[in-house]
Amino acid sequence: MSIKNNTYAIYSGKEYRLLKRSGYARLISNSPLDLDNGFTEKDPEKHLIPRIFFKMVPPSEIEEVYEISTYALYQGYEFWIKWASENEYLLDGNHNLTLMDKLNFKRVDKYGYEKLVKKDEVDLVYEKKTDYRLLRLN
């Protein structure tokens, strides 16, 4: 499972990452096949890995907009996954100092806690989707 933590849109029946730009939706893709659908490659001369393709479309052409965040169930508690490597997850802690101490989370700033855990230490990984009824790009 890939980790998703961003805003996404459905355009022409396909999911793309979405950025807001000057009243338009900037759709982001990593598929060269989208060049056939009017996408432009970002900095092709730099040979980016992964390759990045984008297309600007008006909000009226967007079918659906939503945010997806990925979470893990660890030691019976829910934590947001900041990122994942091949074998590990970086979990984002909360303000419950007793719990953070109990689970050995490290303090990374005034209110932030993190812990790097092996993937096999996590009981469940799942996504939460928040739908947006109205897309405001201005």
Side-chain angles (χ1 to χ4, degrees):
M1 165 186 248
S2 67
I3 301 301
K4 288 184 174 181
N5 290 314
N6 226 310
T7 303
Y8 298 86
I10 301 296
Y11 171 75
S12 296
K14 186 176 174 188
E15 181 182 80
Y16 296 97
R17 196 162 57 95
L18 171 73
L19 300 173
K20 301 171 189 175
R21 292 288 187 267
S22 304
Y24 283 85
R26 185 176 191 179
L27 304 174
I28 309 295
S29 170
N30 296 111
S31 173
L33 298 176
D34 284 320
L35 288 169
D36 293 336
N37 297 322
F39 280 68
T40 303
E41 185 168 6
K42 179 181 175 156
D43 300 326
E45 70 282 355
K46 292 183 180 177
H47 306 289
L48 299 175
I49 297 174
R51 292 170 69 189
I52 300 170
F53 306 92
F54 66 93
K55 181 177 183 176
M56 301 291 279
V57 298
S60 59
E61 294 183 20
I62 300 295
E63 299 163 31
E64 184 181 356
V65 176
Y66 47 89
E67 196 169 283
I68 295 178
S69 296
T70 306
Y71 291 85
L73 195 58
Y74 173 72
Q75 301 287 318
Y77 300 95
E78 178 183 77
F79 295 100
W80 177 61
I81 300 175
K82 280 189 165 183
W83 61 261
S85 68
E86 186 176 326
N87 301 311
E88 298 174 311
Y89 294 120
L90 181 62
L91 304 180
D92 187 55
N94 58 39
H95 303 295
N96 182 334
L97 301 180
T98 304
L99 179 62
M100 296 298 93
D101 285 342
K102 175 184 169 185
L103 298 177
N104 296 313
F105 273 67
K106 302 283 188 241
R107 189 174 186 172
V108 293
D109 62 34
K110 187 174 181 178
Y111 300 108
Y113 294 85
E114 295 176 346
K115 184 171 185 179
L116 195 59
V117 299
K118 300 286 183 197
K119 286 187 174 181
D120 62 5
E121 295 175 11
V122 171
D123 297 319
L124 180 66
V125 174
Y126 53 96
E127 295 175 347
K128 287 186 179 181
K129 179 179 172 181
T130 305
D131 289 315
Y132 293 102
R133 299 268 182 242
L134 178 63
L135 175 60
R136 291 191 179 124
L137 296 172
N138 298 333

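These numbers were taken from a predicted model, which means no experiment stands behind them. Heavy atoms only: backbone and side chains are in, while hydrogens, waters and symmetry mates are out.
- No donor-acceptor contact under 3.5 angstrom links the side chains of Glu61 and Tyr24, judged on distance only.
- The distance from the NZ atom of Lys4 to the OG1 atom of Thr70 is 8.0 Å, given to the nearest 0.5 Å.
- The closest side-chain heavy-atom distance from Lys106 to Glu114 is not below 4.5 Å.
- Taken from CD1 in Ile52 to OG in Ser31, the straight-line distance is 13.5 Å, to the nearest 0.5 Å.
- Between Asp34 and Lys14 there is a salt bridge, with a side-chain nitrogen of the basic residue lying less than 4.0 Å from a carboxylate oxygen of the acidic one.
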Side chain to side chain contact (heavy atoms under 4.5 Å, CB included) assessment of Tyr71 paired with Lys128: CA-CA 8 Å; Tyr71 291 85; Lys128 287 186 179 181; 3.6 Å; yes
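- For the pair Glu121 and Lys115, the salt-bridge criterion is not met [side-chain N within less than 4.0 Å of a carboxylate O].
- Using modelled atom types and a 3.5 Å distance limit, the side chains of Lys55 and Tyr16 yield no donor-acceptor pair.
- For Lys110, the salt bridge (Lys or Arg N to Asp or Glu O under 4.0 Å) criterion is met by no residue, not counting sequence neighbours.
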Evaluation steps, side chain to side chain contact (heavy atoms under 4.5 Å, CB included), between Phe54 and Thr40: CA-CA 5 Å; Phe54 66 93; Thr40 303; 4.3 Å; yes
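- Using a 4.5 Å cut-off on side-chain heavy atoms (C-beta onward), Leu73 and Val122 make no contact.
- Here the side chains of Val108 and Tyr113 are not in contact, with every heavy-atom distance at 4.5 Å or above.
- Here the CD-CG distance, from Glu78 to Leu91, works out to 11.0 Å after rounding to the nearest 0.5 Å.
- Under a cut-off of 6.0 angstrom, the local environment of CG in Leu124 is crowded, with over 12 non-hydrogen atoms contributed by other residues, nucleotides or ligands.
- For the pair Glu64 and Lys129, the salt-bridge criterion is met [side-chain N within less than 4.0 Å of a carboxylate O].
- Contacts of Asn94 classified as side chain to side chain contact (heavy atoms under 4.5 Å, CB included), with partners at least two apart in sequence or in another chain: Phe79, Asn96, Leu99, Met100.
- In the hydrophobic clustering of this structure, Val125 groups with Tyr74; members are Ile, Leu, Val, Met, Phe, Trp, Tyr whose side-chain heavy atoms approach within less than 4.5 Å, directly or through other members.
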Trace of the side chain to side chain contact (heavy atoms under 4.5 Å, CB included) decision for Leu48 with Glu41: CA-CA 10 Å; Leu48 299 175; Glu41 185 168 6; over 6 Å; no
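- Remark: Arg17 fails to qualify as a cation-pi partner of Tyr8 under the 6.0 Å distance and 45° angle criteria applied to the six-membered ring.
- Here the closest heavy-atom approach between residue Asp92 and residue Phe105 is recorded as C-CE2, 4.2 Å.
- Judged by the 6.0 Å distance and 45° axis criteria, Lys119 is positioned over the aromatic ring of Tyr89.
- Once rounded to the nearest 0.5 Å, the distance linking CG of Asp120 with CG of Asp123 reads 10.5 Å.
- The nearest pair of heavy atoms linking Phe39 to Ser29 is CE2-CB, 4.0 Å.
- Other residues, nucleotides and ligands contribute only 12 or fewer heavy atoms inside 6.0 Å of the CD atom of Glu86.
- Closest non-hydrogen pair, Asn30 versus Arg51, comes out as ND2-O, 2.8 Å.
- Judged by distance alone, the side chains of Trp80 and Asn5 do bring a donor and an acceptor atom under 3.5 Å apart.
- Distance check, rounded to the nearest 0.5 Å: OH of Tyr77 to CG of Leu103 gives 6.5 Å.
- Ion pairing between Glu88 and Lys118 holds under the 4.0 Å rule for side-chain N and carboxylate O.
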Check against side chain to side chain contact (heavy atoms under 4.5 Å, CB included), Asp131 and Val65: CA-CA 6 Å; Asp131 289 315; Val65 176; over 6 Å; no
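- Without hydrogens or angle criteria, Asp43 side chain to Lys46 main chain gives no donor-acceptor distance under 3.5 Å.
- Taking CZ of Phe53 as the start and NZ of Lys42 as the end, the distance is 12.5 Å to the nearest 0.5 Å.
- Follow the hydrophobic side-chain contacts under 4.5 Å out from Ile10 and you reach Ile68 in the same cluster.
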